[in-house]
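Excluded from the calculations below are hydrogen atoms, water molecules and symmetry mates; all remaining heavy atoms, backbone and side chain alike, are included. Order of the sequence lines sets the chain letters (A, B, ...), proteins ahead of strands, with each chain counted from 1.
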2 protein chains.
Amino acid sequence: MNPERAKVTIFDVAEHAGVSIKTVSRVVNNEPNVRENTRERVMLAVRELRYQPNAAARELSGKRSRIIGLIYENAEEFSYLNDVFNGALGICEPAGYSLLLRPLTLPDPEIIDHIRQFATNARVEGIVLPAPMGDLPEVSGLLREMRIPFAAITPREPDPDEINILCNDEAASHALTELLIHQGHDAIGFIKGHPDHGASHKRFAGYRRALKQHGVAYAPRLVRQGYFDFESGRIAAGRMLDLPDPPSAVLASNDDMAAGAIFAARKRGLNVPGELSIAGFDDTRFSSRIWPPLTTVRQPIAQMAETAAALLIDKLNGHSTEAPDAPFECEVVIRESTAPLHPA
Amino acid sequence: MNPERAKVTIFDVAEHAGVSIKTVSRVVNNEPNVRENTRERVMLAVRELRYQPNAAARELSGKRSRIIGLIYENAEEFSYLNDVFNGALGICEPAGYSLLLRPLTLPDPEIIDHIRQFATNARVEGIVLPAPMGDLPEVSGLLREMRIPFAAITPREPDPDEINILCNDEAASHALTELLIHQGHDAIGFIKGHPDHGASHKRFAGYRRALKQHGVAYAPRLVRQGYFDFESGRIAAGRMLDLPDPPSAVLASNDDMAAGAIFAARKRGLNVPGELSIAGFDDTRFSSRIWPPLTTVRQPIAQMAETAAALLIDKLNGHSTEAPDAPFECEVVIRESTAPLHPA
DNA sequence: AATCTATTTGACAGCGCTGTCAGCTTGCTG
DNA sequence: CAGCAAGCTGACAGCGCTGTCAAATAGATT
């Protein structure tokens with residue numbers, strides 16, 4: 001199919017450098033026990049001939065595919081995945097790994113079969129699991145059983161034997177709630193995230209802790225279930241705003257839902273933030289571009305994905321790097337969708 | 001590393017079915033000249049043993065990697081890529097192909113080297129080029145020279161020997177401009193897209209054609225260069241709005257820039273669409289969620305990517321499917337960011 | 001039944017690389 | 001300068017599959 005390509009083999013290089021193919025292999029793979037002189041000669045030949053090892057042969061012979069899988073939920077929300085892809089790819093490429101994507105539409109009754117097939121068929125060595133994949137016990141259970149190393153980017157409790165990338169969701173949510181309290185709000189609505197996502201629970205926990213700490217009463221009527229999408233945010237916010245005693249501030253568990261809340265407020269003729277403060281979570285690309293720009297929490301998603309990929313590759317290569325000792329830090333970003341409460 | 005996996009080889013299946021490995025190979029690859037009886041026996045063995053062919057061995061032996069590359073610009077805009085990824089993956093998976101991503105940050109002076117390396121190193125059989133990759137002559141030139149089949153999703157002039165997925169950008173832009181003219185606007189600003197994108201020129205052409213057709217004077221001061229990003233839209237719109245005789249409507253070449261225009265209008269206290277109508281292009285996920293929801297043009301991006309991948313795979317397999325005879329249809333979506341002009 | 005042709009099947013040689021292990025060089029040590 | 005360990009290098013056997021080509025079988029024809 002491509003006559004021009006892939007012509008140069010290890011034999012050509014060996015001949016050109018006057019060594020055996022095994023020595024070329026050693027040099028190319030950075031193995032020890034090659035005299036500096038020899039190494040240079042081989043490297044020269046490699047460059048001159050533009051030699052690129054045949055990945056299929058390598059895999060067949062060496063049992064290493066150098067492929068990492070990334071299983072993700074094929075949801076609407078894509079800003080998060082954008083960062084995950086970029087972070088993971090940024091690490092894989094220079095490390096000589098390929099990244100293979102596997103979208104999954106949740107809920108998926110055949111998820112086990114799908115993943116099993118992906119793992120064997122695509123011959124991945126390891127798998128990155130961004131949220132919410134890492135939250136699903138059947139997924140991590142299967143991978144464990146198949147003995148496929150994986151790195152979960154998820155706020156669940158860490159397992160010391162597995163790679164877990166965490167961030168301090170709970171603390172960030174606490175800080176954001178505290179901000180609203182300090183601005184004088186005492187009727188603060190909360191829109192929960194999808195119950196299957198670990199992050200949802202962490203964020204709710206931070207909210208409750210802040211209320212408690214500052215002596216603000218917890219009002220169940222001001223807490224609504226959402227599912228991380230715009231529509232559920234719009235609906236949940238609408239319900240709260242139609243209450244006889246509506247909240248003066250709403251904290252949504254992500255920015256999509258916060259955008260939905262803004263939409264709901266505007267439909268009701270409410271000024272944001274004059275009459276209603278709204279804050280979100282995630283700082284997606286659009287959070288600063290809607291009106292008013294959203295107060296939110298920024299997570300270092302790309303960095304987390306980079307770390308996940310890097311630790312996974314280290315593990316695959318037998319370097320047992322230690323996981324970062326502290327969770328990644330989220331950062332509260334204050335913009336114009338929140339304001340101090342002016343008593344009526 | 002994974003002792004449980006990939007144990008069953010073609011030999012096991014052959015033995016189990018009482019045939020030679022070659023016959024198993026024939027059955028697995030759907031080759032002709034196998035008696036039905038034999039085929040069934042082999043299939044049974046395949047199922048019983050859960051045989052999955054080793055991709056590396058296949059590739060090494062057969063020269064077919066069953067991998068397709070996707071080279072894309074690693075820009076902020078991700079809604080477009082989301083659809084492209086999903087569309088392409090949806091076709092590749094069932095066809096037994098893997099999709100390998102290769103982000104590129106433009107402009108990239110070493111783009112040729114990067115692509116060359118990707119193509120050989122990742123041993124892709126073919127490549128999908130979403131916009132703006134298909135617009136760059138050095139990219140398509142290199143692939144042509146390397147004899148790597150590719151499918152370009154781009155509005156350039158089609159080459160009958162190559163796979164080109166088109167949509168009627170020009171006509172859609174014409175229709176959108178016409179809509180504004182019919183609403184009474186006669187001072188219609190236009191924010192151009194990035195000059196390296198073929199779509200930019202098509203969209204501008206549609207705008208001009210509509211003006212001409214309806215006898216609206218073309219005013220160069222109402223045309224500004226943008227680069228498809230929010231900021232450039234904000235700035236370009238700002239310049240026009242600060243003119244002594246500002247436009248009553250602004251057409252932006254994509255929704256990011258339209259969002260920027262809305263932002264600029266709002267900063268100047270202008271009501272949209274009361275005092276300024278704004279329309280965009282693309283219908284990204286956020287276009288219906290900002291305030292006011294954007295009038296825009298929707299392209300069937302996922303479908304286009306599906307078609308690109310499908311045609312490419314057909315080509316790789318020697319089935320010379322014909323390209324669709326007509327370009328894909330864009331659709332004008334009218335929302336609340338545009339309104340009829342009320343004379344002052 | 002013998003002959004011929006078309007169809008089906010199998011033996012075997014690679015594909016390009018890495019792992020194993022044996023053999024050859026060094027550079028010391030005594 | 002012999003003797004030896006440590007450092008280098010190379011020969012060769014696979015890895016699991018597909019392509020080639022020859023052999024076996026079935027089916028058609030006389």
Side-chain angles (χ1 to χ4, degrees), chain A residues 1-3 5-43 45-46 49-66 96 120-121 123 125 317-318, chain B residues 1-3 5-43 45-46 49-67 96 120-123 125 317-318:
Chain A
M1 173 121 310
N2 287 292
R5 283 196 285 161
K7 275 182 310 206
V8 182
T9 75
I10 199 171
F11 287 91
D12 302 320
V13 178
E15 194 180 358
H16 197 266
V19 296
S20 73
I21 57 166
K22 181 62 216 189
T23 298
V24 175
S25 171
R26 285 197 183 90
V27 172
V28 170
N29 292 292
N30 270 313
E31 286 174 29
N33 298 333
V34 180
R35 203 174 305 154
E36 196 48 39
N37 183 342
T38 314
R39 186 179 297 274
E40 275 164 19
R41 212 146 31 98
V42 172
M43 290 294 271
V46 165
L49 301 180
R50 291 166 173 275
Y51 168 66
Q52 293 214 299
N54 177 308
R58 260 186 159 166
E59 177 179 347
L60 184 57
S61 171
K63 310 271 166 297
R64 305 255 344 241
S65 66
R66 295 180 171 269
T120 50
N121 192 42
R123 77 266 196 209
E125 284 186 49
N317 288 328
Chain B
M1 175 122 311
N2 287 293
R5 285 197 284 161
K7 270 181 315 205
V8 183
T9 75
I10 197 171
F11 288 91
D12 302 321
V13 179
E15 193 178 2
H16 197 266
V19 296
S20 74
I21 58 167
K22 181 63 216 187
T23 298
V24 176
S25 171
R26 286 197 184 88
V27 172
V28 170
N29 292 290
N30 270 312
E31 285 174 31
N33 298 332
V34 179
R35 203 175 304 155
E36 196 47 40
N37 183 341
T38 315
R39 187 181 296 276
E40 275 165 19
R41 212 146 30 97
V42 172
M43 290 294 271
V46 164
L49 300 180
R50 293 167 175 273
Y51 168 65
Q52 292 213 300
N54 177 307
R58 261 185 155 165
E59 178 180 346
L60 184 58
S61 171
K63 311 273 168 292
R64 307 257 340 240
S65 66
R66 296 182 169 267
I67 295 177
T120 48
N121 191 44
R123 75 266 195 212
E125 283 186 51
N317 289 329

Identify which nucleotide among C/dC15, C/dG19, C/dC17 has an atom closest to any side-chain atom of A/Y51, counting heavy atoms from C-beta outward.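 For A/Y51, the side-chain atoms sit closest to C/dC17.
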
Can any side-chain N or O of B/N29 pair as donor or acceptor with the backbone N or O of B/E31 at less than 3.5 Å?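 Judged by distance alone, no pair lies under 3.5 Å.
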
Under 4.0 Å: is that the gap between some side-chain N or O of A/N29 and OP1 or OP2 of C/dT18?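 For C/dT18, OP1/OP2 do have a side-chain N/O of A/N29 under 4.0 Å.
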
Taking only N and O in the side chain of B/S25, is any of them less than 4.0 Å away from OP1 or OP2 of D/dT18?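 Answer is yes, contact under 4.0 Å.
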
So if I take the C1' atoms of five pairs at each end of the helix from C/dA1-D/dT30 to C/dG30-D/dC1 and get each local axis, what angle do the two axes make, rounded to 10 degrees?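 One end's axis against the other's: 40°.
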
I need the [atom1]-[atom2] distance between [X] and [N], as an integer number of Å.
X: B/R58; N: D/dG16; atom1: CZ; atom2: C1'; value: 11 Å
X: A/N37; N: C/dT26; atom1: CG; atom2: P; value: 11 Å
X: B/L49; N: D/dG16; atom1: CG; atom2: P; value: 15 Å
X: B/E31; N: D/dT20; atom1: CD; atom2: P; value: 11 Å
X: A/E59; N: D/dG16; atom1: CD; atom2: C1'; value: 11 Å

Show the numbers, then the answer: is there a side chain to side chain contact (heavy atoms under 4.5 Å, CB included) between B/V28 and B/R58? CA-CA 12 Å; B/V28 170; B/R58 261 185 155 165; 3.5 Å; yes

Between the protein and nucleotides 8-11 of chain C, which nitrogen or oxygen pairs are less than 3.5 angstrom apart?
| residue | atom | partner | partner atom | Å |
| --- | --- | --- | --- | --- |
| C/dT8 | OP2 | B/N33 | OD1 | 3.1 |
| C/dT9 | OP1 | B/T38 | OG1 | 2.4 |
| C/dT9 | OP2 | B/R35 | N | 3.0 |
| C/dG10 | OP2 | B/S20 | N | 2.9 |
| C/dG10 | OP2 | B/S20 | OG | 3.1 |
| C/dG10 | OP2 | B/T23 | OG1 | 2.6 |
| C/dG10 | N7 | B/R26 | NH1 | 3.4 |
| C/dG10 | O6 | B/R26 | NH2 | 2.6 |

Can you find a heavy atom in the side chain of A/I10 that is under 4.5 Å from one in the side chain of A/P53?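 Contact flag for A/I10/A/P53 side chains = no.
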
Within the structure provided, determine whether B/M43 and B/V27 are in side-chain contact (heavy-atom separation under 4.5 Å).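 Side-chain contact under 4.5 Å: yes.
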
Roughly how far, to the nearest 0.5 Å, is [atom2] of [Y] from [atom1] of [X]?
X: B/I67; Y: B/E59; atom1: CD1; atom2: CD; value: 6.0 Å
X: A/R39; Y: A/N33; atom1: CZ; atom2: CG; value: 9.0 Å
X: A/R26; Y: A/T38; atom1: CZ; atom2: OG1; value: 10.5 Å

Does a distance-only test, which skips hydrogens and angles, find a donor-acceptor pair under 3.5 Å between the side chain of A/S61 and the base of D/dG14?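 In this structure, the two groups form a donor-acceptor pair.
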
List the atom pairs, with distances to 0.1 Å, where a side-chain N or O of residues 11-21 of chain B and a protein N or O form a donor-acceptor pair under 3.5 Å, not counting sequence neighbours.
| residue | atom | partner | partner atom | Å |
| --- | --- | --- | --- | --- |
| B/D12 | OD2 | B/T9 | N | 2.8 |
| B/H16 | NE2 | B/E48 | OE1 | 3.4 |
| B/S20 | OG | B/K22 | N | 3.4 |
| B/S20 | OG | B/T23 | N | 3.4 |
| B/S20 | OG | B/T23 | OG1 | 3.4 |

Quick one: on DNA chain C, does B/L60 or A/V28 contact a more 5' nucleotide (nearest heavy atom)?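 That would be B/L60.
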
For A/V8 against A/Y51, the heavy-atom pair lying closest together: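 Minimum heavy-atom contact is O-CD1, 3.5 Å.
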
